[in-house]
*Asks:* 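Before anything else, here's the structure in question.
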Amino acid sequence: MKNLEQIKLLADKLPKEVKANALALVDRMGTVIEGIGDNPIEWRPEILKILQGTSDRAKYGKNVPIGSIIVGEDVLEQPLDIYPIRAWKAKQYWSPDQNEAKMLCSSPNAVMGYIGNVCKECPHSKWEEGKGSECSQVIQVAVITSDLSKFFIVNFSKTAYVTGTSWMTTMSKAGVLPYKRVYTLSTETHKQYKNVETLVVTSHKPSDKRTPDECIPFLDALFAKFTADRTEHLEAFMQLAEARGKQVENNKLTYQGDGDQAALPAAVGTAVEVEVAEASGDQTVLAQKYSM
(Lines give C-alpha, C1' and ligand atoms only; values in the text may rest on other atoms or scores of the structure.)
Protein backbone atom coordinates (compact mmCIF):
# COMPACT_ATOMS: atom_id res chain seq x y z
CA MET A 1 0.00 0.00 0.00
CA LYS A 2 1.08 3.57 -0.68
CA ASN A 3 0.05 6.93 0.78
CA LEU A 4 -0.40 5.66 4.32
CA GLU A 5 0.52 8.92 6.06
CA GLN A 6 -3.02 9.67 7.30
CA ILE A 7 -3.51 6.12 8.56
CA LYS A 8 -0.19 6.31 10.41
CA LEU A 9 -1.18 9.60 12.06
CA LEU A 10 -4.42 8.02 13.27
CA ALA A 11 -2.53 4.93 14.47
CA ASP A 12 -0.37 7.21 16.60
CA LYS A 13 -3.53 8.46 18.39
CA LEU A 14 -4.81 4.99 19.34
CA PRO A 15 -4.93 3.72 22.95
CA LYS A 16 -1.52 2.56 24.16
CA GLU A 17 -2.56 -1.12 24.36
CA VAL A 18 -2.99 -1.26 20.54
CA LYS A 19 -0.94 1.72 19.34
CA ALA A 20 2.39 -0.09 18.89
CA ASN A 21 0.70 -2.97 17.02
CA ALA A 22 -1.10 -0.60 14.65
CA LEU A 23 2.03 1.43 13.91
CA ALA A 24 4.02 -1.74 13.19
CA LEU A 25 1.23 -3.00 10.91
CA VAL A 26 1.12 0.26 8.94
CA ASP A 27 4.91 0.12 8.54
CA ARG A 28 4.64 -3.42 7.12
CA MET A 29 1.88 -2.31 4.75
CA GLY A 30 4.16 0.37 3.36
CA THR A 31 7.15 -1.91 2.93
CA VAL A 32 8.56 -2.32 -0.59
CA ILE A 33 11.34 -4.85 -1.20
CA GLU A 34 13.74 -4.11 -4.03
CA GLY A 35 16.30 -6.35 -5.69
CA ILE A 36 14.32 -9.60 -5.95
CA GLY A 37 13.30 -9.94 -9.58
CA ASP A 38 12.68 -7.00 -11.88
CA ASN A 39 9.68 -5.53 -10.06
CA PRO A 40 9.56 -4.23 -6.47
CA ILE A 41 7.66 -6.50 -4.09
CA GLU A 42 4.87 -4.67 -2.27
CA TRP A 43 3.08 -5.83 0.86
CA ARG A 44 -0.09 -7.82 0.38
CA PRO A 45 -2.39 -9.33 3.01
CA GLU A 46 -1.73 -12.94 4.03
CA ILE A 47 -4.37 -15.66 3.62
CA LEU A 48 -5.68 -17.39 6.75
CA LYS A 49 -5.01 -21.13 6.74
CA ILE A 50 -6.34 -23.89 8.96
CA LEU A 51 -3.96 -26.72 9.81
CA GLN A 52 -5.58 -29.92 8.54
CA GLY A 53 -4.71 -33.55 9.19
CA THR A 54 -3.34 -33.73 5.65
CA SER A 55 -1.28 -30.50 5.96
CA ASP A 56 2.50 -30.51 5.89
CA ARG A 57 3.17 -29.94 9.57
CA ALA A 58 6.97 -30.16 9.45
CA LYS A 59 7.58 -26.44 9.85
CA TYR A 60 5.10 -26.06 12.71
CA GLY A 61 6.17 -28.95 14.93
CA LYS A 62 4.19 -31.62 16.73
CA ASN A 63 3.03 -29.20 19.43
CA VAL A 64 0.88 -27.26 16.95
CA PRO A 65 -2.47 -29.09 16.86
CA ILE A 66 -4.69 -29.83 13.89
CA GLY A 67 -7.28 -27.07 13.61
CA SER A 68 -4.81 -24.28 14.40
CA ILE A 69 -5.36 -20.91 12.71
CA ILE A 70 -2.24 -19.83 10.83
CA VAL A 71 -1.51 -16.46 9.22
CA GLY A 72 1.84 -16.27 7.48
CA GLU A 73 4.25 -18.10 9.77
CA ASP A 74 2.29 -17.32 12.94
CA VAL A 75 -0.10 -19.60 14.81
CA LEU A 76 -2.86 -17.41 16.25
CA GLU A 77 -4.55 -18.10 19.56
CA GLN A 78 -8.21 -19.10 19.57
CA PRO A 79 -10.78 -17.74 20.01
CA LEU A 80 -9.59 -14.79 17.91
CA ASP A 81 -11.48 -11.48 17.98
CA ILE A 82 -11.46 -9.61 14.69
CA TYR A 83 -13.05 -6.65 12.90
CA PRO A 84 -14.11 -7.38 9.29
CA ILE A 85 -13.07 -4.56 6.96
CA ARG A 86 -14.72 -5.64 3.73
CA ALA A 87 -16.33 -8.77 2.21
CA TRP A 88 -16.90 -9.79 -1.42
CA LYS A 89 -17.61 -12.71 -3.74
CA ALA A 90 -14.94 -14.19 -6.00
CA LYS A 91 -14.36 -17.22 -8.24
CA GLN A 92 -11.57 -19.82 -8.35
CA TYR A 93 -11.04 -22.52 -10.99
CA TRP A 94 -8.45 -25.06 -9.88
CA SER A 95 -6.91 -27.81 -11.99
CA PRO A 96 -9.07 -30.96 -11.81
CA ASP A 97 -5.86 -32.97 -11.30
CA GLN A 98 -5.77 -33.62 -7.54
CA ASN A 99 -1.97 -33.89 -7.67
CA GLU A 100 -1.59 -30.49 -9.28
CA ALA A 101 -2.17 -27.49 -7.00
CA LYS A 102 -2.58 -25.01 -9.83
CA MET A 103 -5.25 -22.34 -10.27
CA LEU A 104 -6.26 -22.16 -13.93
CA CYS A 105 -8.40 -19.06 -13.60
CA SER A 106 -9.74 -16.72 -10.94
CA SER A 107 -11.98 -13.69 -10.65
CA PRO A 108 -11.77 -11.15 -7.82
CA ASN A 109 -15.39 -10.08 -8.32
CA ALA A 110 -17.15 -13.18 -9.77
CA VAL A 111 -17.89 -11.18 -12.93
CA MET A 112 -15.03 -11.95 -15.31
CA GLY A 113 -12.21 -14.47 -15.06
CA TYR A 114 -8.53 -13.91 -15.71
CA ILE A 115 -8.67 -15.94 -18.93
CA GLY A 116 -11.22 -13.49 -20.36
CA ASN A 117 -14.50 -15.37 -19.91
CA VAL A 118 -17.59 -13.73 -18.43
CA CYS A 119 -18.19 -15.89 -15.35
CA LYS A 120 -21.93 -16.47 -15.78
CA GLU A 121 -21.35 -17.55 -19.41
CA CYS A 122 -18.23 -19.66 -18.78
CA PRO A 123 -18.69 -23.43 -19.24
CA HIS A 124 -16.59 -24.06 -16.13
CA SER A 125 -19.18 -22.23 -13.99
CA LYS A 126 -22.10 -24.40 -15.11
CA TRP A 127 -23.64 -26.50 -12.36
CA GLU A 128 -23.89 -30.27 -12.83
CA GLU A 129 -26.13 -32.28 -10.53
CA GLY A 130 -24.02 -34.42 -8.23
CA LYS A 131 -20.78 -32.74 -9.32
CA GLY A 132 -21.30 -29.05 -8.74
CA SER A 133 -19.27 -26.71 -10.96
CA GLU A 134 -15.59 -26.82 -11.89
CA CYS A 135 -15.19 -23.15 -10.96
CA SER A 136 -16.09 -22.52 -7.34
CA GLN A 137 -17.76 -19.48 -5.84
CA VAL A 138 -15.76 -18.04 -2.95
CA ILE A 139 -16.53 -15.57 -0.18
CA GLN A 140 -13.50 -13.51 0.84
CA VAL A 141 -13.35 -11.26 3.89
CA ALA A 142 -10.54 -8.83 4.72
CA VAL A 143 -10.17 -8.62 8.51
CA ILE A 144 -7.96 -7.04 11.15
CA THR A 145 -7.37 -8.57 14.57
CA SER A 146 -8.84 -6.67 17.52
CA ASP A 147 -5.33 -5.91 18.82
CA LEU A 148 -4.65 -4.31 15.39
CA SER A 149 -1.53 -6.43 14.84
CA LYS A 150 -2.56 -8.42 11.75
CA PHE A 151 -4.52 -7.72 8.59
CA PHE A 152 -5.39 -10.75 6.46
CA ILE A 153 -7.90 -12.39 4.13
CA VAL A 154 -10.27 -15.21 5.08
CA ASN A 155 -11.43 -17.50 2.25
CA PHE A 156 -14.70 -19.43 2.43
CA SER A 157 -15.01 -22.01 -0.32
CA LYS A 158 -16.31 -25.54 -0.87
CA THR A 159 -17.40 -26.98 2.51
CA ALA A 160 -16.92 -23.57 4.19
CA TYR A 161 -18.88 -21.54 1.63
CA VAL A 162 -22.11 -21.65 3.63
CA THR A 163 -20.28 -20.17 6.63
CA GLY A 164 -19.07 -17.28 4.47
CA THR A 165 -22.51 -16.50 3.05
CA SER A 166 -24.04 -16.69 6.52
CA TRP A 167 -21.43 -14.23 7.83
CA MET A 168 -22.11 -11.81 4.97
CA THR A 169 -25.84 -11.98 5.77
CA THR A 170 -25.14 -11.28 9.45
CA MET A 171 -22.95 -8.28 8.56
CA SER A 172 -25.59 -6.84 6.24
CA LYS A 173 -28.34 -7.21 8.85
CA ALA A 174 -26.21 -5.36 11.42
CA GLY A 175 -26.89 -2.17 9.44
CA VAL A 176 -23.47 -0.62 10.12
CA LEU A 177 -20.02 -0.71 8.55
CA PRO A 178 -18.57 -4.22 9.08
CA TYR A 179 -15.75 -3.16 11.41
CA LYS A 180 -18.19 -1.59 13.88
CA ARG A 181 -19.05 -5.10 15.07
CA VAL A 182 -16.76 -7.63 16.75
CA TYR A 183 -16.64 -11.24 15.53
CA THR A 184 -14.70 -14.22 16.87
CA LEU A 185 -12.94 -16.86 14.77
CA SER A 186 -12.34 -20.39 15.99
CA THR A 187 -12.21 -23.86 14.44
CA GLU A 188 -14.03 -27.13 14.88
CA THR A 189 -14.30 -30.48 13.12
CA HIS A 190 -16.77 -30.26 10.24
CA LYS A 191 -20.11 -31.80 11.19
CA GLN A 192 -20.39 -33.73 7.91
CA TYR A 193 -16.77 -34.19 6.80
CA LYS A 194 -15.04 -35.55 9.90
CA ASN A 195 -11.53 -35.27 8.42
CA VAL A 196 -11.90 -31.52 7.79
CA GLU A 197 -11.33 -28.70 10.28
CA THR A 198 -13.53 -25.72 9.51
CA LEU A 199 -13.80 -22.10 10.61
CA VAL A 200 -16.53 -20.95 12.98
CA VAL A 201 -17.58 -17.28 13.04
CA THR A 202 -19.31 -16.01 16.18
CA SER A 203 -21.00 -12.61 16.24
CA HIS A 204 -21.47 -10.49 19.37
CA LYS A 205 -24.09 -8.00 20.44
CA PRO A 206 -22.70 -4.48 20.97
CA SER A 207 -23.79 -4.74 24.59
CA ASP A 208 -21.56 -7.80 25.04
CA LYS A 209 -18.55 -6.80 22.96
CA ARG A 210 -18.08 -3.76 20.76
CA THR A 211 -15.44 -2.03 18.69
CA PRO A 212 -13.89 0.65 20.91
CA ASP A 213 -14.87 4.16 19.84
CA GLU A 214 -11.20 5.17 20.03
CA CYS A 215 -10.38 2.71 17.23
CA ILE A 216 -13.08 3.84 14.79
CA PRO A 217 -11.16 6.72 13.11
CA PHE A 218 -8.22 4.39 12.38
CA LEU A 219 -10.54 1.68 11.04
CA ASP A 220 -12.46 4.27 8.98
CA ALA A 221 -9.22 5.30 7.28
CA LEU A 222 -8.11 1.70 6.76
CA PHE A 223 -11.49 0.83 5.23
CA ALA A 224 -11.33 3.84 2.89
CA LYS A 225 -7.79 3.00 1.79
CA PHE A 226 -8.53 -0.68 1.21
CA THR A 227 -11.72 0.21 -0.69
CA ALA A 228 -9.87 2.68 -2.94
CA ASP A 229 -7.10 0.15 -3.61
CA ARG A 230 -9.61 -2.60 -4.39
CA THR A 231 -11.56 -0.33 -6.76
CA GLU A 232 -8.34 0.52 -8.59
CA HIS A 233 -7.35 -3.14 -8.64
CA LEU A 234 -10.71 -4.23 -10.10
CA GLU A 235 -10.56 -1.60 -12.85
CA ALA A 236 -7.09 -2.76 -13.89
CA PHE A 237 -8.12 -6.42 -13.62
CA MET A 238 -11.17 -5.95 -15.85
CA GLN A 239 -9.06 -4.20 -18.50
CA LEU A 240 -6.57 -7.06 -18.47
CA ALA A 241 -9.28 -9.73 -18.53
CA GLU A 242 -11.05 -8.08 -21.47
CA ALA A 243 -7.74 -7.81 -23.35
CA ARG A 244 -7.06 -11.46 -22.57
CA GLY A 245 -10.53 -12.42 -23.83
CA LYS A 246 -9.81 -10.69 -27.14
CA GLN A 247 -6.49 -12.52 -27.43
CA VAL A 248 -8.25 -15.83 -26.78
CA GLU A 249 -10.95 -15.00 -29.34
CA ASN A 250 -8.30 -14.24 -31.95
CA ASN A 251 -6.55 -17.52 -31.18
CA LYS A 252 -9.82 -19.39 -31.50
CA LEU A 253 -10.49 -17.91 -34.94
CA THR A 254 -6.95 -18.74 -36.05
CA TYR A 255 -7.45 -22.44 -35.37
CA GLN A 256 -10.86 -22.91 -36.99
CA GLY A 257 -11.13 -26.26 -38.67
CA ASP A 258 -9.26 -28.21 -36.01
CA GLY A 259 -12.33 -30.09 -34.84
CA ASP A 260 -13.84 -29.83 -31.35
CA GLN A 261 -10.77 -28.08 -29.97
CA ALA A 262 -11.45 -25.12 -32.27
CA ALA A 263 -14.71 -24.44 -30.44
CA LEU A 264 -12.83 -23.76 -27.20
CA PRO A 265 -10.59 -20.82 -26.38
CA ALA A 266 -6.98 -21.98 -26.22
CA ALA A 267 -6.61 -21.08 -22.54
CA VAL A 268 -9.69 -23.09 -21.59
CA GLY A 269 -9.26 -26.06 -23.86
CA THR A 270 -5.82 -26.90 -22.48
CA ALA A 271 -4.38 -27.00 -18.98
CA VAL A 272 -2.34 -23.81 -19.01
CA GLU A 273 -1.27 -21.49 -16.23
CA VAL A 274 -3.01 -18.14 -16.10
CA GLU A 275 -0.92 -15.51 -17.86
CA VAL A 276 -1.26 -11.74 -18.02
CA ALA A 277 -2.41 -10.08 -21.22
CA GLU A 278 -0.28 -7.29 -22.64
CA ALA A 279 -0.65 -4.21 -20.47
CA SER A 280 1.33 -1.45 -18.89
CA GLY A 281 3.52 -2.22 -15.92
CA ASP A 282 1.22 -0.26 -13.61
CA GLN A 283 -1.87 -2.12 -14.82
CA THR A 284 -0.21 -5.48 -14.29
CA VAL A 285 0.87 -4.64 -10.75
CA LEU A 286 -2.59 -3.33 -9.83
CA ALA A 287 -4.39 -6.31 -11.33
CA GLN A 288 -2.28 -8.77 -9.38
CA LYS A 289 -2.12 -6.82 -6.12
CA TYR A 290 -4.87 -8.60 -4.25
CA SER A 291 -5.13 -11.71 -6.44
CA MET A 292 -5.93 -14.76 -4.34
Side-chain angles (χ1 to χ4, degrees), residues 1-11 13-15 18-19 21-31 42-49 69 71-72 74 76 79-90 108-110 138-157 160 163-186 199-204 206 209-235 237 286 289-292:
M1 283 186 174
K2 299 177 182 178
N3 304 319
L4 297 171
E5 292 80 6
Q6 181 61 28
I7 296 177
K8 192 166 186 176
L9 287 173
L10 291 168
K13 297 178 181 178
L14 287 165
V18 295
K19 175 179 174 178
N21 287 341
L23 287 170
L25 175 61
V26 175
D27 282 343
R28 290 197 302 276
M29 288 179 168
T31 299
E42 292 190 28
W43 173 90
R44 65 169 62 188
E46 302 274 7
I47 306 296
L48 178 146
K49 298 178 182 178
I69 293 175
V71 175
D74 298 327
L76 306 188
L80 178 67
D81 285 348
I82 56 92
Y83 310 130
I85 299 298
R86 193 170 195 90
W88 61 91
K89 292 182 179 180
N109 58 3
V138 182
I139 301 293
Q140 296 180 319
V141 188
V143 309
I144 187 170
T145 52
S146 61
D147 65 0
L148 307 185
S149 66
K150 293 188 180 299
F151 185 100
F152 54 90
I153 305 292
V154 186
N155 274 347
F156 295 93
S157 62
T163 301
T165 56
S166 176
W167 190 11
M168 285 188 77
T169 299
T170 299
M171 285 189 276
S172 66
K173 286 182 177 180
V176 295
L177 288 163
Y179 53 84
K180 292 189 176 182
R181 293 288 182 268
V182 183
Y183 298 84
T184 296
L185 304 182
S186 58
L199 202 62
V200 177
V201 181
T202 304
S203 59
H204 301 278
K209 192 180 288 188
R210 60 179 295 168
T211 307
D213 292 339
E214 300 85 354
C215 294
I216 296 298
F218 172 79
L219 295 173
D220 280 339
L222 187 61
F223 169 80
K225 177 60 177 168
F226 185 82
T227 298
D229 275 11
R230 177 165 166 78
T231 299
E232 194 174 14
H233 154 64
L234 289 178
E235 289 174 355
F237 177 89
L286 285 169
K289 188 169 185 181
Y290 294 118
S291 59
M292 302 304 162

*Asks:* What are the two closest non-hydrogen atoms of E214 and P15, and how far apart are they?
*Replies:*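 Answer, listing the atom of E214 first, then P15: CB-CG, 3.7 Å.
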
*Asks:* Could you check whether any side-chain N or O of N21 sits under 3.5 Å from a backbone N or O of D147, counting only pairs where one atom can act as donor and the other as acceptor?
*Replies:*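 Indeed, once roles are kept as given, a pair shorter than 3.5 Å links the two residues.
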
*Asks:* Check Q140 against W88 and note the closest heavy-atom contact, atom names and distance.
*Replies:*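 Reported closest heavy-atom pair: OE1-NE1, 2.8 Å.
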
*Asks:* In this structure, which one of F223, F226, F218, F151 forms a ring pair (Phe, Tyr, Trp, His ring centres under 6.0 Å) with Y179?
*Replies:*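 The option that passes is F223.
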
*Asks:* I need the K150 NZ to R28 CZ distance, nearest 0.5 Å.
*Replies:*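 Reported value, rounded in 0.5 Å steps: 5.5 Å.
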
*Asks:* R210: what forms a salt bridge (charged side-chain N to carboxylate O under 4.0 Å, His left out) with it, not counting sequence neighbours?
*Replies:*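 R210: salt bridge (charged side-chain N to carboxylate O under 4.0 Å, His left out) contacts with D213.
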
*Asks:* State, yes or no, whether a side-chain contact exists between K209 and T184 at a heavy-atom distance under 4.5 Å.
*Replies:*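 Result yes, sub-4.5 Å side-chain heavy-atom pair found.
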
*Asks:* State, yes or no, whether a side-chain contact exists between L76 and F152 at a heavy-atom distance under 4.5 Å.
*Replies:*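 In contact.
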
*Asks:* To the nearest 0.5 angstrom, please state how far the CG atom of L177 sits from the CD1 atom of I216.
*Replies:*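 It is 8.5 Å, given to the nearest 0.5 Å.
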
*Asks:* Got a second to check how far E46's CD is from I153's CD1, nearest 0.5 Å?
*Replies:*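 Those atoms lie 10.5 Å apart.
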
*Asks:* Taking the side chain as every heavy atom from C-beta outward, state whether D27 and K8 have any pair of such atoms under 4.5 Å apart.
*Replies:*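 D27 reaches K8 side chain to side chain.
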
*Asks:* Less than 4.5 Å apart, side chain to side chain, heavy atoms only: is that true for F156 and M168?
*Replies:*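 No - every pair of side-chain heavy atoms lies 4.5 Å or more apart.
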
*Asks:* Would you please say whether a donor-acceptor pair under 3.5 Å links the side chains of R86 and T227?
*Replies:*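 Yes, side-chain donor-acceptor contact under 3.5 Å.
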
*Asks:* Let me confirm one number: the CG-CD1 distance from L199 to I69, rounded to the nearest 0.5 Å.
*Replies:*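 Output value for this atom pair is 5.5 Å.
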
*Asks:* Which value, rounded to the nearest 0.5 Å, describes the distance between I7 atom CD1 and D220 atom CG?
*Replies:*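 Separation between the atoms: 11.0 Å.
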
*Asks:* Looking only at heavy atoms, which two atoms of C215 and L14 are closest? And how far apart?
*Replies:*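 Looking at all heavy atoms of both residues, the closest pair is CA-CD2, 3.8 Å.
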
*Asks:* Given side-chain hydrogen bond (donor to acceptor under 3.5 Å, both in side chains), test S157 with N155 step by step and report yes or no.
*Replies:* CA-CA 6 Å; S157 62; N155 274 347; over 6 Å; no

*Asks:* Could you report the tightest heavy-atom contact between Y83 and P212, atom names first, then the distance?
*Replies:*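 Answer, listing the atom of Y83 first, then P212: OH-CD, 3.2 Å.
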
*Asks:* Atom CD1 of I82 and atom OG1 of T211: how far apart are they, to the nearest 0.5 Å?
*Replies:*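 Here the rounded value is 9.5 Å.
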
